[in-house]
There are 2 protein chains.
Amino acid sequence: MLVRRGREPFAGCWALPGGFVGLDEALEDAARRELAEETGLTDLFLEQLFTFGAPERDPRGRVVSVAYYALVDADGRSVNASSDAIEAKWFPVDGLPELAFDHDAILAVALERLRGKVRYAPLGFELLSRAFTLTELQRLYEVILGRDLDKRNFRRKIQTMGLLVDTGKTRQGLAHRAPRLYRFDRRRYAELERSGFTFWV
Amino acid sequence: MLVRRGREPFAGCWALPGGFVGLDEALEDAARRELAEETGLTDLFLEQLFTFGAPERDPRGRVVSVAYYALVDADGRSVNASSDAIEAKWFPVDGLPELAFDHDAILAVALERLRGKVRYAPLGFELLSRAFTLTELQRLYEVILGRDLDKRNFRRKIQTMGLLVDTGKTRQGLAHRAPRLYRFDRRRYAELERSGFTFWV
DNA sequence: CCAAAAGTGTTTATGATACACCCATGT
DNA sequence: ACATGGGTGTATCATAAACACTTTTGG
């Protein structure tokens with residue numbers, strides 16, 4: 001999700017949403033505030049990524065950026081540009097425009113982190129609707145891991161972890177058998193994690 | 001490794017080494033410089049940990065700390081306090097004094113990161129001498145993982161990864177059979193990593 | 001009735017675990 | 001000679017991988 005900058009420097013250029021931390025504001029609060037102001041996105045999974053502080057990374061002078069990444073579920077949230085952003089839009093990661101500042105480097109770190117962490121933390125579920133089908137989950141992991149997975153093995157592995165609950169509902173309106181919808185069980189995951197369980201895909 | 005602070009705030013109190021970033025200095029350079037100035041330690045594995053920026057964490061006003069952690073090999077490096085530090089000393093993690101600022105929280109994050117990352121990245125070798133015995137390596141992992149490991153299984157697993165090279169030398173002066181000394185093969189690790197290999201203990 | 005994806009078990013291979021003795025060296 | 005850790009192999013168990021057909025639904 002990129003925004004087109006309304007102000008100098010890099011006015012009119014695509015960039016990651018962001019801005020300055022308030023004098024009495026926590027870092028994460030600032031990240032959530034800026035994201036909400038520029039895109040309207042709220043209530044997301046958000047985690048600190050890395051801090052970028054090369055001396056010449058901002059033409060205005062010395063600026064240190066504490067980067068955060070957010071994961072947005074696929075429920076079809078719309079984005080609305082406002083504040084300093086004149087436009088906000090989703091892009092595919094393999095079709096990005098040129099970015100302001102060192103934002104291409106920040107994005108590269110974020111992707112690397114996501115690809116690594118998704119294997120040992122249940123981040124994937126943050127990217128799906130609250131209720132999802134097993135095929136949707138499998139496709140997600142196939143995209144992130146960059147290889148095909150066996151349907152039966154994937155289902156067995158996921159189901160034996162005991163982290164999915166069957167909602168009893170099915171997804172309707174498809175030209176084939178209606179698939180069951182599942183939810184991720186956050187409570188159960190927290191319990192398992194405490195007792196030494198490690199999520200692994 | 002803690003230093004006793006020579007200046008206010010928290011003068012005389014134990015703290016993590018650190019200080020302010022120069023106006024034209026990269027973050028990692030500042031971390032290395034401060035560590036060298038206050039303890040004399042140089043040429044270490046160093047990695048960004050997390051950025052701490054709660055509004056009230058420093059009584060002087062708003063201070064954001066980009067924390068780094070370093071791993072020091074067991075070659076018996078001595079530490080020498082200087083600069084703002086009046087004393088520099090090693091402490092066991094289960095016998096720490098009270099720390100200045102929120103440094104106890106920073107340390108907790110560092111330990112958690114180390115315990116987690118040591119399992120999927122070859123960090124352990126940074127904590128040993130350049131040449132080490134298999135028993136030393138095993139003890140290290142036993143301490144970090146908090147459980148005993150089987151000698152034969154551990155050796156087989158480590159050796160089949162192909163990341164250790166036999167130096168041909170042995171450690172002398174012990175009251176028993178002289179153990180072989182190994183080196184970690186960084187080049188080979190970099191190769192394997194590129195071809196999709198994941199280190200795992 | 002056709003197309004399209006959902007759903008389901010068994011066999012094989014691979015890697016993890018458990019386990020006990022002889023060897024080399026210094027005192 | 002003895003005490004101390006160094007060094008080695010095999011059998012069993014658990015988990016991962018390979019593999020194909022029937023079922024349900026909408027058009």
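Protein chains get the first letters and strands the later ones, always in sequence-line order, with residue 1 at the start of each. Since the structure is predicted, the reported quantities are computational estimates derived from the model, not experimental observations. Just so you know, these numbers use all the heavy atoms, side chains as well, and skip hydrogens, waters and symmetry mates.
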### Message
Go through it in stages, so that I can follow the logic: the residues are Val118(B) and Tyr141(B), the test is side chain to side chain contact (heavy atoms under 4.5 Å, CB included), and I'd like the CA-CA distance, side-chain angles, deciding distance and then a yes or no.
### Response
CA-CA 9 Å; Val118(B) 80; Tyr141(B) 277 103; 4.0 Å; yes
Show me the protein contacts with nucleotides 12-15 of chain C, counting only N or O atoms at under 3.5 Å.
none

### Task
Just call it for Arg156(A): base, sugar-phosphate, or nothing, with non-hydrogen atoms closer than 4.0 Å on any strand.
base
### Query
Does Thr39(A) reach the main-chain N or O of Ala36(A) with its side chain, forming a donor-acceptor pair under 3.5 Å?
no
### CG on Asp73(B) to OG on Ser129(B), rounded to 0.5 Å
6.5 Å
### Query
Per the side chain to side chain donor-acceptor pair (under 3.5 Å) rule, which among Thr167(A), Asp166(A), Thr133(A) passes with Arg180(A)?
Asp166(A)
### Message
For Phe199(A) and Phe125(A), take the angle between the two ring planes, folded into 0 to 90°, and tell me which bin it lands in: parallel under 30, tilted 30 to 60, perpendicular over 60.
### Response
perpendicular
### Query
CG of Leu2(A) to CG of Leu96(A): how many Å apart, nearest 0.5 Å?
6.0 Å
### Message
Can you tell me if Glu8(A) has over 12 outside heavy atoms packed within less than 6.0 Å of its CD?
### Response
yes
### Query
With a 4.0 Å cut-off on heavy atoms, is Arg180(A) in touch with a base, just the backbone sugar-phosphate, or nothing at all?
sugar-phosphate
### Task
Would you check, one step at a time, whether the test side-chain hydrogen bond (donor to acceptor under 3.5 Å, both in side chains) holds for Thr198(A) with Arg119(B)?
CA-CA 12 Å; Thr198(A) 313; Arg119(B) 298 180 65 181; 4.6 Å; no
### Message
Go nucleotide by nucleotide along DNA chain C from the 5' end; which of Ala175(B) and Tyr182(A) gets its closest nucleotide reached first?
### Response
Tyr182(A)
### Task
Compute the centroid of each ring, for Phe52(B) and then for Phe101(B), and state whether the two points are separated by less than 6.0 Å.
no
#### Entry: Nucleotides bounding contact with chain A, strand DNA chain D, heavy-atom threshold 4.0 Å
dA17(D) to dG26(D)
### Task
Just compare dC23(C), dA5(C), dG7(C) and give me whichever is closest to any side-chain atom of Arg177(B).
dC23(C)
### Query
Considering residues, nucleotides and ligands other than Arg187(A), do more than 12 of their heavy atoms fall under 6.0 Å from its CZ?
no
### Query
Of Arg155(A), Arg171(A), Lys151(A), which meets side chain to side chain donor-acceptor pair (under 3.5 Å) against Thr135(A)?
Arg155(A)
### Query
Taking the nucleotide of DNA chain D with the closest heavy atom to each, which residue, Lys157(A) or Ala178(A), is nearer the 5' end?
Lys157(A)
### Message
Tell me which residues in residues 131-153 of chain A lie within less than 4.0 Å of DNA chain C, going by non-hydrogen atoms.
### Response
Thr135(A), Lys151(A), Arg152(A)
